[in-house]
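Residues take their numbers from the sequence shown, with the count starting at 1.
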Amino acid sequence: MLGILQVFCTIFSAILQTTAISNEFFLYGFPLIGIICLVPLYISIINIKKTKNFFFLFALQCFFVHLLSSFWLGFYKDFALFTLGASALGSGFVAGISSIFLYFLLPKIKDKIGLRILSFSIYWVIWEWIKSSLGFLAYPWGVLSMTTFKWAWINQIADITGRYGISFLIVLINSVIAEWIIITFNNKYQKETNSYKFSIHAIKEASKGVAILFIITAFYGIVKLKEPISPIKTMKTIIVQQNLDPWLTKDDTNSIMTSMSLTEERITEFEENERADLVLWSEGVLKHPYPVSDVFYTKHPLEESLVDFINRMNTPFIIGAPYRVSKANTKPRRYSNSAILFDKNGNVAGHYNKMHLVPFGEYIPGLTNPKIAAIIKSVAKISNGWVPGNKITIFNIPLLSQQEECDNDIEYVELTKTATTKAIIEKPSVSFSIPICFEDAFPQLCRKLFLAGSEIFLNITDDSWSLTKSAEYQHFIIAYLRAIEFRTTLVRSTNSGLSAIVDPKGNITDSLPLFEACSKTVTVPIYKRTITAYAIYGDLFLYTLMSIFIFFIILFYCKPIEAK
């Protein structure tokens, strides 16, 4: 039977982890708490002898972390029952199930403190991978890499290991601290005995190893932060944050008119020879689906149609809108959550359909089945959901602001059928991808976009429904690591925050205030593409840790430990 102290320590651990992650009090998180947040959990589970108790403690900890850190999912309109309640229970259950592998291993290494520290740390990283990669249920919130935003010198390692290297280092520190507490206050360790001396030696050696790893990581980070970088070109972009929740109205007139007004404010600020390369609106601004609504937006809004406005601005636009993917005259009609690229004349130049949808929010399995749909719709007022996209899309636009600057110095020779050996100098342009909403939280998807040729990431997001600062900051803190992993620029344009520009070192170079209707002209730096170790090998570091864990199981585990 579990003791009250073990349950208390587990819940306390969850509270500490929630405090270390971005929250309403510490918007950027609290890294010092992050390096001790798992200590109570470690102490609670290390000597558990029953499978069900081990399962329960891990499930309890992860359930509370999810519930407390992602409480704002409860504001996800009619989906709150699923997005918060079901996901919290699911997170706890999956954590409990996966913890069984650690449970079977620990008794075999109970006297090997170094291996115990290493095994717990590896398991925790594997657990974070499971919760972040579990198919459509993947939810990379509540992970330890979210606690270190303020420690930029630690986060630079992400261009080699991804976020899992950061989490691994944090868990190692937690585990070493926990072992010191155990040996200090556990009565079974009698001082001056060989057992005590051996344990002290083992912890000291483990502490040295972790300290060396920490120093190497910090040194690498400091070197990377001091390394000079300069953009090879820039993109003058107008970021528009209309601060309107599109879910609250059935009509998009107000959202469009507000966005148009905020855009024109910035356009009119340009001097005679200046111009913008791109206007970036947020996710879900338009409600009528393309391509069937292209005629509709030539007449709507009535004061000035969207197409006429784009044409008058004479600038390409990116706008979040639905895109119909079902064939004409078929029911039910199916749509994707998409980003539409309009050329400077207001014509649709291309679109990208969101590939990774929000579980139980944008996508619910079986919803196309009439019986399942009827059951779900009786619990929550939902539509037929979105259809996930199935292809990577890379956009390319000319950098007109730079062409005008270069016209006096460069002669452009167009390639024609009659061209022979004339030197061809391409006009400045930029290739980019548009991960939509929480797609910027998934490095594997962004890796595909990067390797396909994306020079920068332009993210459009709608988090206005969350009503909380912590939700906006958490999303940003998870996403900003993409800039470090691929050493590229990340631009986030949201309808309420956090709209920002992040450089390849993870620095915020520009931003807009939360929950304010505003816009800003920003000069987006574009750097020479650097193919990082993470871009080449992906989560090789994670897979190496998995291999080590499996090796430990094979080496030490002969048969399941029977519950006593």
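Formation of a donor-acceptor pair under 3.5 Å by the R482 side chain with backbone atoms of D440 is found in this model. K131 places no side-chain N or O within donor-acceptor distance of the main-chain N or O of A95, the cut-off being under 3.5 Å. Listed for the S464 side chain is no donor-acceptor partner under 3.5 Å among the backbone atoms of S496. Not one N or O on the side chain of K233 forms a donor-acceptor pair closer than 3.5 Å with the backbone of I526. Distance alone, capped at 3.5 Å, is enough to place a donor-acceptor pair between the N174 side chain and the L38 backbone. The backbone N or O of E485 lies less than 3.5 Å from a partner atom in the side chain of T532, making a donor-acceptor pair. Side-chain N or O atoms of N459 include one that pairs as donor or acceptor with a backbone N or O of P435 at under 3.5 Å. Checking side-chain atoms of T237 against main-chain N and O of M235 turns up a donor-acceptor pair under 3.5 Å. Listed for the S22 side chain is no donor-acceptor partner under 3.5 Å among the backbone atoms of G29. T217 contributes a side-chain N or O that, together with a main-chain N or O of L213, makes up a donor-acceptor pair within less than 3.5 Å.
Counting heavy atoms from C-beta outward, S98 and Y123 have side chains that approach closer than 4.5 Å. Considering only heavy atoms from C-beta on, I536 comes within 4.5 Å of I531 through its side chain.
Residues L41 and T10 approach most closely at CD1-CG2, 4.0 Å, considering heavy atoms. Scanning all heavy atoms of the two residues, the minimum distance from Q241 to T494 falls at CG-O, 3.3 Å. Taking all atoms of both residues into account, the shortest heavy-atom contact from V279 to W281 is CG1-NE1, 3.4 Å. Taking all atoms of both residues into account, the shortest heavy-atom contact from L514 to G497 is CD2-CA, 3.6 Å. Here the closest heavy-atom approach between residue L490 and residue A483 is recorded as CB-CB, 4.2 Å. For P246 against D462, the heavy-atom pair with the smallest separation is CG-OD2, 3.4 Å.
Around CZ of F93, the count of heavy atoms belonging to other residues, nucleotides or ligands within 6.0 Å does not exceed 12. The 12-atom threshold is exceeded at OH of Y527, counting heavy atoms of other residues, nucleotides or ligands nearer than 6.0 Å. The local environment of NZ in K469 is sparse, with at most 12 non-hydrogen atoms from other residues, nucleotides or ligands closer than 6.0 Å. The 12-atom threshold is not exceeded at NZ of K448, counting heavy atoms of other residues, nucleotides or ligands nearer than 6.0 Å. Residue-environment remark: OH (Y537) stays at or below the threshold of 12 foreign heavy atoms within 6.0 Å. Within 6.0 Å of CZ in F219 there are 12 or fewer heavy atoms belonging to other residues, nucleotides or ligands.
Put simply, the residue from I170, I173, L172, I126 that forms a side-chain contact (heavy atoms from CB on, under 4.5 Å) with S121 is L172. Of the listed residues (N396, D277, L400, I397), just one forms a side-chain contact (heavy atoms from CB on, under 4.5 Å) with S429, and that residue is N396.
With sequence neighbours excluded, the residues forming a ring-ring contact (aromatic ring centres under 6.0 Å, His included) with H351 are Y323, listed by chain and number. Here Y352 pairs with E439 under the side chain to side chain donor-acceptor pair (under 3.5 Å) rule; sequence neighbours left out.
Taking the six-membered ring for Trp and thresholds of 30 and 60 degrees, W141 and Y139 have nearly parallel ring planes, at less than 30 degrees apart. Using a 30° and 60° split on the angle between ring planes, H356 and F442 fall in the parallel class, below 30°.
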Give the intermediate values and the outcome of ring pair (Phe, Tyr, Trp, His ring centres under 6.0 Å) for residues H475 and F438. CA-CA 7 Å; H475 189 169; F438 90 148; 7.5 Å; no
Stepwise side-chain hydrogen bond (donor to acceptor under 3.5 Å, both in side chains) test for S338 and N353: CA-CA 4 Å; S338 304; N353 297 337; 2.5 Å; yes
Take V125 and L542 through the side chain to side chain contact (heavy atoms under 4.5 Å, CB included) test and state the conclusion after the steps. CA-CA 8 Å; V125 174; L542 167 70; 3.9 Å; yes
After noting the C-alpha distance and the side-chain angles of I484 and Q156, does the key distance pass the side chain to side chain contact (heavy atoms under 4.5 Å, CB included) rule? CA-CA 6 Å; I484 299 175; Q156 302 306 309; 3.9 Å; yes
Stepwise ring pair (Phe, Tyr, Trp, His ring centres under 6.0 Å) test for F541 and Y164: CA-CA 8 Å; F541 175 78; Y164 298 112; 8.3 Å; no
Please assess F432 against I318 for the test side chain to side chain contact (heavy atoms under 4.5 Å, CB included), listing each intermediate value before the final yes or no. CA-CA 12 Å; F432 58 85; I318 290 174; 3.5 Å; yes
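A salt bridge links D159 with R487: at least one charged nitrogen is closer than 4.0 Å to a carboxylate oxygen. Ion pairing of E128 with R163 is absent here, as no side-chain N (NZ or NE/NH1/NH2) approaches a carboxylate O to less than 4.0 Å.
One distance of note links CG of L32 with SG of C37; it measures 11.5 Å at 0.5 Å rounding.
Between W151 and W153, a ring centre-to-centre spacing shorter than 6.0 Å is recorded. Aromatic pair W124/F101: ring centres not closer than 6.0 Å.
Among residues at least two apart or in separate chains, side chain to side chain donor-acceptor pair (under 3.5 Å) pairs with a member in residues 205-215 are W180-S207.
Of the N and O atoms on the side chains of T148 and N155, at least one donor lies less than 3.5 Å from an acceptor on the other residue.
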